[in-house]
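Below is one structure, written out as structure tokens; comments come after it.
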Amino acid sequence: MEIFNIITAVCVLTYIALIVYFIKGWNRLSYPKQEEIRRCEIPLTVVVAFRNEEKHLHSLIKSLVLQNYPNNQYSVILVNDDSDDGSEKIVQEEIKAYPHFRLINNKGVGKKEAIATAMDLVSTKYVVMTDADCLLKTDWLVSIAMGIHKEDPDLLVGPVRLVNANSTLKRFQVIDFLSLVTCGAGAIGMNNAIMCNGANLIVKKQVWQEVRQHLNHKYLSGDDVFLLHYCKAQQKKISFLLNSSAIVDTYPAESLKDLFFQRIRWTSKSKAYKDRFSLFVAWLVFITNLLLSVLLVGLVFWPKTLGYAFILALLGKGIIDYILLRKGASFFHIQLPKLAFVLFSLCYPLYTSVIVLLSVLNITKWKGRALSQN
């Protein structure tokens with residue numbers, strides 16, 4: 001037991017150091033100053049790949065139409081990825097009156113091929129990618145243009161937030177997702193990027209063309225992270241867009257089953273990661289949460305022996321997590337009740353451990369397709 005406690009202590013302390021590293025990175029990110037807030041009209045192309053999204057497409061297209069950006073400075077390409085619901089018809093009807101919107105069909109299979117199909121039609125220097133189940137602020141493109149003008153990045157990572165947290169399960173997802181986005185932003189702040197989200201991602205077309213053959217087409221998803229890891233390996237400039245007008249809203253999973261399948265899909269592609277720091281972070285988070293799960297279960301049999309170890313480990317991890325999340329919650333305008341955070345922290349180690357273990361088995365599909373292809 002003593003050796004186990006020592007191993008747990010080492011992992012938790014290393015985890016705490018990692019979160020301190022992310023906090024430092026977050027603090028390095030800069031908000032746009034008042035004198036920097038001005039209208040920048042950079043030609044942009046928005047690409048949206050969709051498959052069976054009929055309940056979301058109306059809201060998405062409306063938010064794209066209402067952009068506070070000149071129509072002659074941006075275009076939208078919507079790519080139908082073999083939808084078998086009413087998605088295609090909805091798009092056809094919604095974009096009739098907007099000549100700068102275009103609907104095309106995917107020439108391949110999956111989101112990566114859908115983006116590739118659209119890229120062949122893009123003529124602008126920068127491409128903006130988002131998802132069909134997203135809502136965009138009216139100044140979304142304005143804030144992106146400001147970020148491009150200020151940073152001149154090869155890859156610009158935008159902020160994403162979960163909304164409509166009207167149940168305990170959804171509130172848990174909001175905090176879980178907030179931790180991912182905040183850690184990802186902090187890593188970018190330290191020039192050591194590990195993750196991003198395809199719901200809000202801006203890339204130079206030339207860079208995407210370079211990375212096209214390196215997106216690991218064995219996995220249908222991962223268009224975002226594999227792109228980021230390639231840019232990092234090639235020492236491209238990666239920036240995070242810390243602008244509240246750039247926040248893209250999307251929705252949590254409706255059920256526990258949907259949540260597990262979604263997270264397994266996200267985790268499964270980590271098997272193809274080549275970036276050492278990303279692998280280190282993934283393994284450290286997994287092992288730390290697995291050890292905490294073992295401690296939690298072990299309390300039933302050895303409460304006196306493991307009690308103090310569990311409390312100290314959970315307390316140390318919880319405090320540093322809360323400090324980081326407070327920073328992200330302030331930027332995203334998300335409430336972070338202390339009681340809810342404590343309760344979620346108790347179940348999070350088991351939740352994370354189960355997700356990782358299930359992802360190894362590759363037991364799920366996404367929208368009727370296997371996550372990976374042999």
State yes or no: do [X] and [Y] share one hydrophobic cluster built from I, L, V, M, F, W and Y residues joined by side-chain heavy-atom distances below 4.5 Å, directly or via other members?
{"X": "Leu336", "Y": "Val342", "result": "no"}
{"X": "Leu64", "Y": "Leu135", "result": "no"}
{"X": "Leu343", "Y": "Phe177", "result": "no"}
{"X": "Tyr251", "Y": "Val174", "result": "no"}
{"X": "Leu291", "Y": "Ile3", "result": "yes"}

- Could you walk me through whether Lys205 and Thr45 pass the side chain to side chain contact (heavy atoms under 4.5 Å, CB included) check? CA-CA 10 Å; Lys205 180 186 176 180; Thr45 302; over 6 Å; no
Does a side-chain N-to-carboxylate-O contact under 4.0 Å join [X] and [Y]?
{"X": "Lys111", "Y": "Asp131", "value": "yes"}
{"X": "Lys204", "Y": "Asp152", "value": "yes"}
{"X": "Lys55", "Y": "Asp85", "value": "no"}
{"X": "Glu254", "Y": "Lys170", "value": "yes"}
{"X": "Lys236", "Y": "Glu210", "value": "yes"}
{"X": "Asp321", "Y": "Arg326", "value": "no"}

- Message: Would Tyr351 and Phe172 count as a ring pair (Phe, Tyr, Trp, His ring centres under 6.0 Å) here? Give the steps.
- Response: CA-CA 11 Å; Tyr351 159 79; Phe172 172 80; 4.8 Å; yes
- Message: Under the criterion side chain to side chain contact (heavy atoms under 4.5 Å, CB included), I'd like the reasoning laid out for Leu155 against Ser239: C-alpha separation, chi angles, the key distance, then a yes or no.
- Response: CA-CA 6 Å; Leu155 183 67; Ser239 301; over 6 Å; no
- Verify the distance criterion only: is there a donor paired with an acceptor across the side chains of Asn191 and Lys232 at less than 3.5 Å? no
- Would you tell me whether Asn80 and Asn105 have side-chain atoms, one donor and one acceptor, within less than 3.5 Å of each other? yes
Check whether any side-chain heavy atom of [X] lies under 4.5 Å from a side-chain heavy atom of [Y], and answer yes or no.
{"X": "Thr130", "Y": "Trp140", "value": "yes"}
{"X": "Asn289", "Y": "Lys317", "value": "yes"}
{"X": "Val203", "Y": "Leu227", "value": "yes"}
{"X": "Ile144", "Y": "Val128", "value": "yes"}
{"X": "Phe344", "Y": "Thr168", "value": "yes"}
{"X": "Ile320", "Y": "Ile23", "value": "yes"}
{"X": "Ile19", "Y": "Tyr322", "value": "no"}
{"X": "Val225", "Y": "Tyr230", "value": "no"}

Report yes or no: does [X] contribute a side-chain atom to a donor-acceptor pair with the main-chain N or O of [Y] at less than 3.5 Å?
{"X": "Asn106", "Y": "Gly110", "value": "yes"}
{"X": "Ser83", "Y": "Glu88", "value": "no"}
{"X": "His229", "Y": "Ile194", "value": "yes"}
{"X": "Asp275", "Y": "Ser278", "value": "yes"}
{"X": "Ser63", "Y": "Leu60", "value": "yes"}
{"X": "Thr124", "Y": "Leu44", "value": "no"}
{"X": "Lys137", "Y": "Ile247", "value": "no"}
{"X": "Glu54", "Y": "Gly86", "value": "yes"}
{"X": "Gln173", "Y": "Ala253", "value": "yes"}
{"X": "Thr250", "Y": "Asp133", "value": "yes"}

From [atom1] ([X]) to [atom2] ([Y]), nearest 0.5 Å:
{"X": "Asp154", "Y": "Tyr126", "atom1": "CG", "atom2": "OH", "result": "6.5 Å"}
{"X": "Leu169", "Y": "Ser255", "atom1": "CG", "atom2": "OG", "result": "7.5 Å"}
{"X": "Trp26", "Y": "Ile188", "atom1": "CH2", "atom2": "CD1", "result": "10.5 Å"}
{"X": "Ile115", "Y": "Ile77", "atom1": "CD1", "atom2": "CD1", "result": "11.5 Å"}
{"X": "Gln67", "Y": "His100", "atom1": "CD", "atom2": "NE2", "result": "9.5 Å"}
{"X": "Thr138", "Y": "Asn68", "atom1": "OG1", "atom2": "CG", "result": "6.0 Å"}

- NZ of Lys107: more than 12 outside heavy atoms within 6.0 angstrom? no
- Message: If you count every heavy atom of other residues, nucleotides or ligands that lies below 6.0 Å from Arg171 atom CZ, does the total exceed 12?
- Response: yes
Considering non-hydrogen atoms only, spot the tightest contact between [X] and [Y] and give its length.
{"X": "Phe331", "Y": "Pro159", "result": "CE2-CB, 3.8 Å"}
{"X": "Ser143", "Y": "Asn243", "result": "CB-ND2, 3.6 Å"}
{"X": "Lys150", "Y": "Ser30", "result": "NZ-OG, 3.0 Å"}
{"X": "Arg212", "Y": "Ala116", "result": "NH2-CB, 3.3 Å"}
{"X": "Leu103", "Y": "Gln92", "result": "CD2-CG, 3.5 Å"}
{"X": "Pro252", "Y": "Val163", "result": "CD-O, 2.9 Å"}

- Query: For the rings on Phe277 and Tyr21, is their centre-to-centre separation under 6.0 Å?
  - Reply: yes
- Task: Apply ring pair (Phe, Tyr, Trp, His ring centres under 6.0 Å) to the pair Phe50 and His56, showing each step before the final yes or no.
- Result: CA-CA 10 Å; Phe50 66 89; His56 293 127; over 10 Å; no
- Does the pair Val157 and Asn200 meet the rule for a side chain to side chain contact (heavy atoms under 4.5 Å, CB included), with working shown? CA-CA 7 Å; Val157 178; Asn200 198 4; over 6 Å; no
- Trace of the salt bridge (Lys or Arg N to Asp or Glu O under 4.0 Å) decision for Arg263 with Asp258: CA-CA 9 Å; Arg263 294 303 194 263; Asp258 290 342; over 6 Å; no
- Task: Please work out whether the ring planes of Phe101 and Tyr98 are parallel, tilted or perpendicular, with thresholds of 30° and 60°.
- Result: tilted
- Step by step, would you call Tyr69 with Ile42 a side chain to side chain contact (heavy atoms under 4.5 Å, CB included)? CA-CA 10 Å; Tyr69 210 71; Ile42 297 171; 4.0 Å; yes
